[in-house]
Asker: 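What follows is a structure written as structure tokens; I'll ask about it next.
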Amino acid sequence: MALQVVQELQDKKILCVGLVCLDVVVFCKSYPEEDTDQRCLAHRWQQGGNAANNCTVLKQLGVSCEYLGTMSTDYGGLFLKKCFIDSHIDINNCVYYEETECPMSCVLINSQNGSRTILHSNNNLPELSCEEFKKINLKEYNWIHFEGRNVAEVCKMIQHIENWNENHPTDKIFVSVELEKAKTPLRELLDKADFVFIEKDFVKLFDIERMETAVRELSQMARQGSILICPWGDLGACACDIDGKLVLSPAYPPLKLVDTLGAGDTFVAACIMGLRNGQSVEEAVTLGCKLAGAKCGLEGYSSLA
Ligand code: ADP
Ligand code: FRU
């Protein structure tokens, strides 16, 4: 019986809703000065965007997952579609916009310390609407993760899932959100999910300087019973457990910091996998820090598992 339950759990997918974009990643010898001309060590095109990165990591960990978002059909969009297909990530419900350009980031990686500097731009690709979200079959998922953006529509999407949960008490879908940017409207998502990832820049909105304080204080604004998780770069991560107790994990730095782009997305994906598989909050946060630390020692996301 227990085996059957585990099997049913694994049969359903994790859905990640948010951005996919083109990352043009350049590895610099050192961080450049303004208005200078530097020959770099290497560059590459890579799929990026938090929700897409979450899927890339989940898939590497052997988790069945799907990406949902909008995509362009220009050259960059086709590249991103091929990346999804090559990594066997389901994109069956994505919405395509012709005559738009794919969003892109120029990313400088400083090879001296692995730091990543991101310049992001979206010329004209629209965000996913709740009407489009409602077309998916919620029966296929037991966890839906939202990147914190497009707040008004995401609130409606979460309400749609809550309505489903009320009518399907044995088929509950867990909801998580990631609040990353220092943007005031994101505060509205603090009390909308079972699991809330609060990141450093978002926490700055509240003039908070420590992850423990962030978890303790922002928990007051979250929904009762929800779990707040706060990654904090090389200090590791902190969370509140189901009984309100603070749990901490140290960071697990690699031998050499090579590429920290997407460390946060790796952390979030690993935590979601752990929690969905029944790990305690402390175990999941520790797993997140271990995988995110390993990622910082690697270029891109390959060979994580
Ligand atoms: P991002 O800036 O990509 O959102 P964070 O800085 O929030 O990522 O870090 C996410 C997680 O990645 C941290 O909780 C930590 O486990 C790991 N991490 C990030 N930077 C380092 C580092 N320099 N050394 C070790 N682990 C790191
Ligand atoms: C990393 C990332 C990049 C992307 C940027 C968008 O977390 O998703 O892949 O360029 O953030 O904000």
Side-chain angles (χ1 to χ4, degrees), residues 16-26 44-57 67 69 76 79-80 83-84 102-110 112-122 125 127 145-150 178-183 186 197-204 210-212 214-215 228-239 247-272 274 281-282 284-301 304:
C16 299
V17 183
L19 179 74
V20 62
C21 69
L22 172 64
D23 284 354
V24 178
V25 185
V26 180
R44 64 158 180 267
W45 280 32
Q46 185 175 295
Q47 190 184 51
N50 293 18
N53 292 340
N54 296 147
C55 283
T56 302
V57 174
Y67 165 77
F79 170 81
L80 298 176
C83 292
F84 280 126
C102 84
M104 71 94 73
S105 298
C106 295
V107 185
L108 301 186
I109 307 283
N110 179 351
Q112 294 183 357
N113 58 13
S115 81
R116 92 287 182 265
T117 304
I118 304 173
L119 296 166
H120 182 73
S121 163
N122 178 3
L125 186 69
E127 295 278 355
H145 174 69
F146 293 93
E147 187 181 327
R149 54 191 298 123
N150 190 20
E178 183 207 15
L179 308 179
E180 184 187 44
K181 308 271 185 311
K183 293 186 177 168
L186 290 181
F197 294 91
I198 47 172
E199 310 222 348
K200 232 185 203 167
D201 283 349
F202 174 72
V203 165
K204 277 189 200 148
R210 297 180 68 229
M211 57 183 170
E212 294 89 339
V215 169
L228 261 69
I229 302 174
C230 183
W232 208 266
D234 61 1
L235 289 186
C238 177
V247 295
L248 286 159
S249 166
Y252 290 85
L255 286 178
K256 181 176 182 330
L257 286 164
V258 173
D259 169 9
T260 59
L261 176 64
D265 304 333
T266 305
F267 173 85
V268 167
C271 284
I272 291 176
V281 177
E282 189 166 14
V285 166
T286 303
L287 177 68
C289 284
K290 285 186 175 165
L291 270 162
K295 190 262 131 347
C296 293
L298 301 167
E299 281 186 25
Y301 306 92
L304 256 182

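Counting from 1, the numbers follow the sequence of the chain as shown. Just so you know, these numbers use all the heavy atoms, side chains as well, and skip hydrogens, waters and symmetry mates. Order of listing sets the numbers, starting from 1, for every ligand and every atom in it.
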Asker: Quick one: does Tyr67's side chain have a donor or acceptor within less than 3.5 Å of a partner on Gly18's backbone?
Answerer: yes
Asker: Any nitrogen or oxygen of Ala292, side chain or backbone, less than 3.5 Å from one on ligand 1?
Answerer: no
Asker: Should you measure from each heavy atom of Trp232, which atoms of ligand 1 turn up under 4.0 Å away?
Answerer: 14 (O)
Asker: Starting from atom 14 (O) of ligand 1, what is the nearest protein heavy atom, named by residue and atom, and what distance separates them?
Answerer: Gly236 O, 2.9 Å
Asker: Are any of the heavy atoms in Lys200 under 4.0 Å away from ligand 1?
Answerer: no
Asker: At a non-hydrogen distance cut-off of under 4.0 Å, which region of Leu257 contacts ligand 1 (side chain, backbone, both, or neither)?
Answerer: side chain
Asker: Would you mind telling me which of Glu178, Lys181, Glu180 makes a side-chain contact (heavy atoms from CB on, under 4.5 Å) with Leu186?
Answerer: Lys181
Asker: Any non-hydrogen side-chain atom of Met211 less than 4.5 Å from a side-chain atom of Val215?
Answerer: no
Asker: Among protein heavy atoms, which lies nearest atom 22 (C) of ligand 1, and at what distance?
Answerer: Asp234 CB, 3.7 Å
Asker: In terms of atom number and element, which parts of ligand 1 are under 4.0 angstrom from non-hydrogen atoms of Gly264?
Answerer: 1 (P), 3 (O), 4 (O), 8 (O), 10 (C)
Asker: Taking a 3.5 Å cut-off between nitrogen or oxygen atoms, can you list every pair linking ligand 2 to the protein, with distances?
Answerer:
from, atom 1, to, atom 2, distance (Å)
ligand 2, 7 (O), Asn50, OD1, 3.1
ligand 2, 7 (O), Asp265, OD2, 2.8
ligand 2, 8 (O), Gly49, N, 3.3
ligand 2, 8 (O), Asn50, N, 3.1
ligand 2, 8 (O), Asn50, OD1, 2.6
ligand 2, 8 (O), Asn53, ND2, 3.3
ligand 2, 8 (O), Asp265, OD2, 3.4
ligand 2, 9 (O), Asp23, OD2, 2.6
ligand 2, 9 (O), Gly49, N, 3.0
ligand 2, 9 (O), Asn53, ND2, 3.1
ligand 2, 10 (O), Asp23, OD1, 2.6
ligand 2, 10 (O), Ser105, OG, 2.6
ligand 2, 11 (O), Asn50, OD1, 3.4

Asker: Where the side chain of Thr260 meets the backbone of Gly114, is there a donor-acceptor pair that is under 3.5 Å apart?
Answerer: yes
Asker: Counting distance only, does the side-chain N/O of Lys295 pair as donor-acceptor with the main-chain N or O of Asp259 below 3.5 Å?
Answerer: yes
Asker: Are Leu235 and Lys200 side-chain neighbours, meaning at least one heavy-atom pair lies under 4.5 Å?
Answerer: no
Asker: Considering only the protein, which heavy-atom contact is closest to atom 26 (N) of ligand 1, and what is its distance?
Answerer: Ala251 CB, 3.8 Å
Asker: Using a 4.5 Å cut-off on heavy atoms from C-beta on, say whether the side chain of Tyr301 contacts that of Gln47.
Answerer: no
Asker: Please work out which of Gly233, Pro250, Pro253 has its closest non-hydrogen atom nearest to atom 15 (C) of ligand 1.
Answerer: Gly233
Asker: Pairs of nitrogen or oxygen atoms closer than 3.5 Å, one from Cys296 and one from ligand 1: do any exist?
Answerer: no
Asker: Are the side chain of Glu147 and the backbone of Ala51 linked by a donor-acceptor contact shorter than 3.5 Å?
Answerer: yes
Asker: Taking the side chain as everything from C-beta on, heavy atoms only, tell me whether Leu248 gets closer than 4.5 Å to Glu212.
Answerer: yes
Asker: Measure the shortest side-chain to side-chain distance between Leu261 and Ile118 over non-hydrogen atoms and say whether it is less than 4.5 angstrom.
Answerer: yes
Asker: Do any nitrogen or oxygen atoms of Glu199 come within less than 3.5 Å of a nitrogen or oxygen of ligand 1?
Answerer: yes
Asker: Tell me, do Val57 and Leu291 make a side-chain contact under 4.5 Å, heavy atoms counted?
Answerer: no
Asker: Salt bridge check: are Asp23 and Arg44 linked by an N-O gap of less than 4.0 Å?
Answerer: no
Asker: Looking only at heavy atoms of Arg116, does any of them come nearer than 4.0 Å to an atom of ligand 1?
Answerer: yes
